[in-house]
Structure formats: structure tokens, C-alpha cells
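Counting starts at 1 for both ligands and their atoms, in listed order. Remember, it's a predicted structure, so these values are computed and weren't measured experimentally.
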Amino acid sequence: MGGEPEKWILMLTARTPTNIAVIKYWGKRDETLILPINDSISVTLDPGHLCTTTTVSVSPSFDHDRMWLNGKEISLQGGRFQSCLREIRARAQDVEDKKKGIQIKKEDWQKLHLHIASYNNFPTAAGLASSAAGLACLVFSLSKLMNLKEDNSQLSAIARQGSGSACRSLYGGFVKWVMGKEDNGSDSLAIQLVDEKHWDELVIIIAVVSARQKETSSTSGMRDTVETSGLIQHRAKEVVPKRVVQMEDAIQNRDFPSFARLTCTDSNQFHAVCLDTYPPIFYMNDTSHRIINCVEKWNRAEGMPQVAYTFDAGPNAVMIARNRKTAALLLQRLLYNFPPQSDTDLDSYVIGDKSILKDAGIKDMKDVEALTPPPEVKDSTSLTQKSKGDVNYFICTRPGGGPVVLSDETQALLDPLTGLPK
Ligand SMILES: Nc1ncnc2c1ncn2[C@@H]1O[C@H](COP(=O)(O)OP(=O)(O)OP(=O)(O)O)[C@@H](O)[C@H]1O
Ligand SMILES: C[C@@](O)(CCOP(=O)(O)OP(=O)(O)O)CC(=O)O
């Protein structure tokens with residue numbers, strides 16, 4: 001190792017998106033390697049609105065691996081973190097930073113310790129796939145720091161061992177996690193189906209129904225499902241393989257009606273297998289069901305799907321609108337049905353891409369109050385009053401790109417002199 005002994009710190013910062021599955025992963029055939037029982041497909045969300053930023057650093061002065069998540073130190077002792085660290089270190093290469101006079105030989109990585117700081121710009125463990133963005137970012141940033149030769153697909157097989165859905169966050173656009181056949185998991189990895197430019201009309205609106213931590217984690221929920229549900233076998237063997245083929249076609253052809261039907265029915269089936277689990281798992285709540293009703297009624301009235309919905313292991317709704325125009329009409333419907341509480345201002349109630357609000361002709365709370373029931377709603381009883389505050393806030397976003405290294409050093413989360421959080 002070169003450079004001034006014990007003093008130097010080498011660091012790197014990366015940003016990684018989150019993703020939402022449109023064909024769900026639910027159920028493992030190997031718990032340790034995290035191998036799924038079916039393929040899954042996701043859309044990557046614009047990291048401009050939802051992302052993880054992670055700074056990784058190495059120095060001979062660090063005496064053990066440490067990690068801070070959202071400013072708080074967390075343990076790296078868990079098996080999943082350890083698997084990722086082990087797999088990355090095993091592939092580390094020589095690194096040289098001529099400017100700083102640092103030289104690291106690949107065998108040195110086994111002895112050197114890391115400091116890692118990560119920040120999610122959205123609620124952690126609230127069903128917004130923080131583990132997906134988080135673990136993908138950890139693997140991606142470390143792979144760059146340690147100069148790995150592996151491409152993103154090979155890196156995805158490492159991220160997969162941190163959290164299954166994380167493997168799909170190594171790419172932007174639409175991504176498929178191929179379940180693979182090998183017992184060692186070497187062929188269970190993510191591939192990009194199309195990049196984010198392929199279908200750039202789509203607009204995504206997320207209703208954050210509850211930002212509280214959920215009761216049943218995805219990990220234990222899917223374990224219980226595999227152990228107790230008879231339906232899950234039928235889903236994995238008969239339903240998903242056909243749907244994956246149809247979904248790939250729908251994405252390639254930008255066929256929104258097929259895309260919406262597949263997305264909605266797959267989300268519904270995922271929640272059906274949760275209900276078929278014993279004891280049953282309820283991730284959606286009354287608000288989630290009312291959002292489904294609102295979208296279904298509208299789609300039916302139009303005679304063709306305008307919006308798709310999907311729900312992960314929590315009550316938050318992710319809605320995908322076919323274009324900006326439908327997204328604006330959707331937002332009007334959502335704000336009519338789920339207005340903010342009187343003390344909430346619109347600016348914090350609709351976040352992300354606020355231009356959708358403008359398209360919807362909504363500038364302030366007066367415009368929200370003036371919204372009239374959409375034509376498909378015949379009985380507009382006191383719904384408005386009842387639903388105030390059921391949605392915490394909405395995030396407007398779109399499909400987005402994959403992981404990137406941030407070259408602007410001011411974005412680093414660790415102090416370059418101490419290697420501790422800023
Ligand atoms: N930025 C991050 N870096 C590393 N690990 C993270 C990061 N963010 C979250 N995690 C890990 O993921 C865990 C949360 O995962 P969990 O599956 O419970 O919630 P979620 O991913 O937000 O929801 P879901 O996967 O159901 O959509 C955290 O406790 C932490 O261990
Ligand atoms: C409902 C899901 O979001 C489940 C995600 O499960 P995780 O990837 O969080 O589970 P582990 O692999 O045990 O970490 C569906 C999906 O993202 O495909």
C-alpha cells in the first residue's frame with residue numbers, strides 16, 4: 001500500500017434508484033442465496049425523486065467495517081450485509097489513485113476496513129423498496145471503489161444476496177430478474193429489458209398511505225407463504241411464466257392496455273397469496289382498496305385502462321398512468337377523493353414532479369376544494385370529508401435511469417479527512 005501510511009482515505013459516492021415490480025417476486029427456493037421461485041419484472045423509478053445515496057470509503061486508519069444509515073450507525077454483522085461484503089471483496093482488483101499517491105493491491109482489500117454512509121431520500125422500511133435501492137447502492141458503490149471488472153448484471157447477483165428485489169435496481173428502465181436454474185445462484189440475475197427512454201410517456205404517482213414501519217417484513221411474509229399457501233405453487237409454476245412473456249411483449253410494444261391489465265392482476269394475485277398464507281398477511285388497508293376502486297371505476301368508464309396500480313408489501317399505491325394527460329386527470333381524482341388535512345399545504349402534499357399538478361390546473365388548496373366529482377362517480381356522498389388525511393402525501397415521478405457514480409465530492413456523506421459522517 002502506498003501513500004502516507006495510516007493517513008489516506010479513499011472514497012466514492014454513488015446514487016441508485018428504487019424499483020417497483022409489475023410482476024412480483026414473492027417466495028424463495030433458497031433463503032441464504034436468495035433465489036426466487038419465479039422471474040419478476042420491475043420498472044425503475046426516477047432517482048431524481050426516490051433514491052439512495054451511498055458514500056463508501058477505505059483507509060488503513062479504519063479498524064473495523066462501519067456503516068451509518070440516515071445518520072445513525074447500524075450493524076453490518078447481519079448475514080446479508082456480510083454476504084455482499086464477502087462477495088465484493090473476493091472480486092476486488094488493484095486500485096491506484098495517482099493524485100493522492102494511493103496504491104491498493106487486490107489482496108490488501110481483505111485486510112482493509114470500510115466506512116459506509118447511506119441516505120434514503122424517502123421513508124425507510126415503509127414499503128417503498130428502501131432495501132432494494134439501499135443494497136443495490138452498497139454493492140454498486142463498493143464495486144467501483146474496489147475496481148471490480150463485473151458488469152451490472154453480474155453485480156446484480158451480489159446485490160440479490162443483500163435483498164432479492166435489490167438486484168433489479170442495477171439498471172434503469174424495465175428490468176427482469178431471471179430466476180435461474182443453478183443451485184449456486186450464478187444465473188439468478190437481473191437483465192435490462194429496455195432503458196428508461198423506451199417508454200418515456202409513462203408517469204408514476206405514488207400514494208404514501210402510511211409511512212410507518214410495516215408489521216410483516218417481506219422476508220418473513222414470503223417464507224410463511226411458501227410454507228403454508230397452496231396457491232403460491234400454482235402462481236409460480238402456471239401463472240407467472242405466462243405473464244412474464246406477455247409483460248415483456250407489452251413493454252416492447254408499449255401496449256398500455258395489456259401492461260395495465262397484467263400489472264393490476266399480478267399485484268392482486270400477490271395480495272391474494274398473502275391472504276392464502278396462514279395466518280393471513282394483510283398488506284393493503286381500506287385506503288388501498290379505495291384507491292383500487294377509484295382507478296378501476298375510471299378505467300371501466302373509459303372502456304380502456306388509463307392507469308395501472310400495484311402494491312408491494314405495504315398499503316402504498318403505485319399508479320402508472322399512460323401519459324401526462326392521464327396523470328393529470330388521475331391526480332385530480334386522487335386529490336378529490338383523498339384531500340389533505342386542513343393544516344397540510346399542497347406543496348408538501350404533492351411532491352416530486354410538481355409539473356403534473358400544474359397540468360391538472362391545481363395551484364393551491366382552493367383549487368383542490370373546488371374539484372368536482374369525476375363523471376364516473378354517480379354517488380358523491382360525503383366521501384371527501386371521510387378521507388381527509390388517509391393519504392400522507394403523493395409522489396409524482398416517472399421511469400428512471402440506473403446507478404451512477406457522483407463525481408461531485410461535495411455530495412459525499414463522509415468527511416474526507418475523518419472518514420466519519422458529515
Ligand atoms: N440505504 C440503505 N443502505 C443499506 N441498507 C439499507 C438502506 N436502506 C434500507 N436498508 C436495509 O433495508 C431494511 C429495510 O427493508 P424492508 O424490506 O424492511 O423495507 P423496504 O425495503 O422499505 O420495503 P419493501 O422491500 O417491502 O418495499 C433496513 O432495515 C436496512 O437493513
Ligand atoms: C413485494 C415485493 O416488493 C417483495 C420484495 O421482497 P424483498 O426483496 O424485500 O425480500 P428479500 O429478498 O427477503 O429481501 C415484490 C417485488 O419487489 O418483486
Please list, in number order, the atoms of ligand 2 under 4.0 Å from a heavy atom of [X].
{"X": "Lys28", "result": "11 (P), 12 (O), 13 (O)"}
{"X": "Met222", "result": "6 (O), 10 (O)"}
{"X": "Phe270", "result": "1 (C)"}
{"X": "Arg80", "result": "11 (P), 13 (O), 14 (O)"}
{"X": "Ser218", "result": "6 (O), 7 (P), 9 (O), 10 (O)"}
{"X": "Ala21", "result": "16 (C), 17 (O), 18 (O)"}
{"X": "Trp26", "result": "1 (C), 4 (C)"}
{"X": "Arg168", "result": "16 (C), 17 (O), 18 (O)"}

A side-chain contact here means heavy atoms from C-beta on lying under 4.5 Å apart; do [X] and [Y] qualify?
{"X": "Met222", "Y": "Tyr25", "answer": "yes"}
{"X": "Ser156", "Y": "Asn152", "answer": "no"}
{"X": "Tyr309", "Y": "Asn268", "answer": "yes"}
{"X": "Lys106", "Y": "Val95", "answer": "no"}
{"X": "Ile205", "Y": "Val318", "answer": "no"}

Proximal ligand 1 atoms for [X], defined as those under 4.0 Å from one of its heavy atoms:
{"X": "Met67", "answer": "3 (N), 4 (C)"}
{"X": "Leu135", "answer": "5 (N)"}
{"X": "Ser118", "answer": "1 (N), 2 (C), 3 (N)"}
{"X": "Asn120", "answer": "1 (N), 2 (C), 7 (C), 8 (N), 9 (C)"}

Select the closest option to [atom] among [options], judged by heavy-atom distance.
{"atom": "atom 6 (C) of ligand 1", "options": "Leu69, Asn121, Thr54, Ile20", "result": "Leu69"}
{"atom": "atom 9 (C) of ligand 1", "options": "Ser217, Gly134, Ser130", "result": "Ser130"}
{"atom": "atom 27 (O) of ligand 1", "options": "Ala129, Cys51, Ala117, Ala21", "result": "Ala129"}
{"atom": "atom 15 (O) of ligand 1", "options": "Ser75, Ser131, Gly221", "result": "Ser131"}

> How far apart are the closest heavy atoms of Gln233 and Val226, and which atoms are they?
Replying inline: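 Closest heavy-atom pair between Gln233 and Val226: NE2-O, 4.4 Å.
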> Has ligand 1 got any nitrogen or oxygen that is less than 3.5 angstrom from a nitrogen or oxygen of Ser218?
Replying inline: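 It does: an N or O of Ser218 is found under 3.5 Å from an N or O of ligand 1.
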> Where on Phe81 is there a heavy atom closer than 4.0 Å to ligand 1, on the side chain, on the backbone, on both, or on neither?
Replying inline: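 For Phe81, the contact with ligand 1 is made by the side chain alone.
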>> Whether the side chain of Thr52 engages the backbone of Thr16 through a donor-acceptor N/O pair (distance < 3.5 Å, no angle test) should be reported.
In response: no
>> I'd like to know if the side chain of Asn253 reaches the main chain of Asp255, judged simply by a donor and an acceptor atom lying under 3.5 Å from each other, with no hydrogens or angles considered.
In response: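 Absent.
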>> Heavy-atom pairs closer than 4.0 Å: do any link ligand 2 to the side chain of Ser165, the backbone, both, or neither?
In response: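 For Ser165, the contact with ligand 2 is made by both the backbone and the side chain.
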> Is ligand 2 under 4.0 Å from a heavy atom in the side chain of Thr219, in the backbone, in both, or in neither?
Replying inline: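 Answer for Thr219: both.
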> Closer than 4.0 angstrom: is that true for some heavy atom of Leu138 and an atom of ligand 1?
Replying inline: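 The answer is no, since Leu138 has no heavy atom less than 4.0 Å from ligand 1.
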> Does Tyr25 reach ligand 2 with a nitrogen or oxygen that is under 3.5 Å from one of the ligand's nitrogen or oxygen atoms?
Replying inline: yes
>> Exactly one of Met146, Gln93, Arg91 should register a side-chain contact (heavy atoms from CB on, under 4.5 Å) with Trp109. Which one does?
In response: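 Between Trp109 and the candidates, side-chain contact (heavy atoms from CB on, under 4.5 Å) is satisfied uniquely by Met146.
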>> Can you confirm if the aromatic rings of Trp68 and Tyr119 lie within a centre distance of less than 6.0 Å?
In response: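 Distance test on ring centres: not under 6.0 Å, no.
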> Between Phe311 and Tyr283, is the ring centre distance below 6.0 Å?
Replying inline: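 Centroid separation for Phe311 and Tyr283: 6.0 Å or greater.
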>> Quick check for you: to the nearest 0.5 Å, what is the distance between Leu33 atom CG and Lys28 atom NZ?
In response: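 It comes to 11.5 Å.
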> Roughly how far apart are Arg66 CZ and His113 NE2, rounded to 0.5 Å?
Replying inline: 12.0 Å
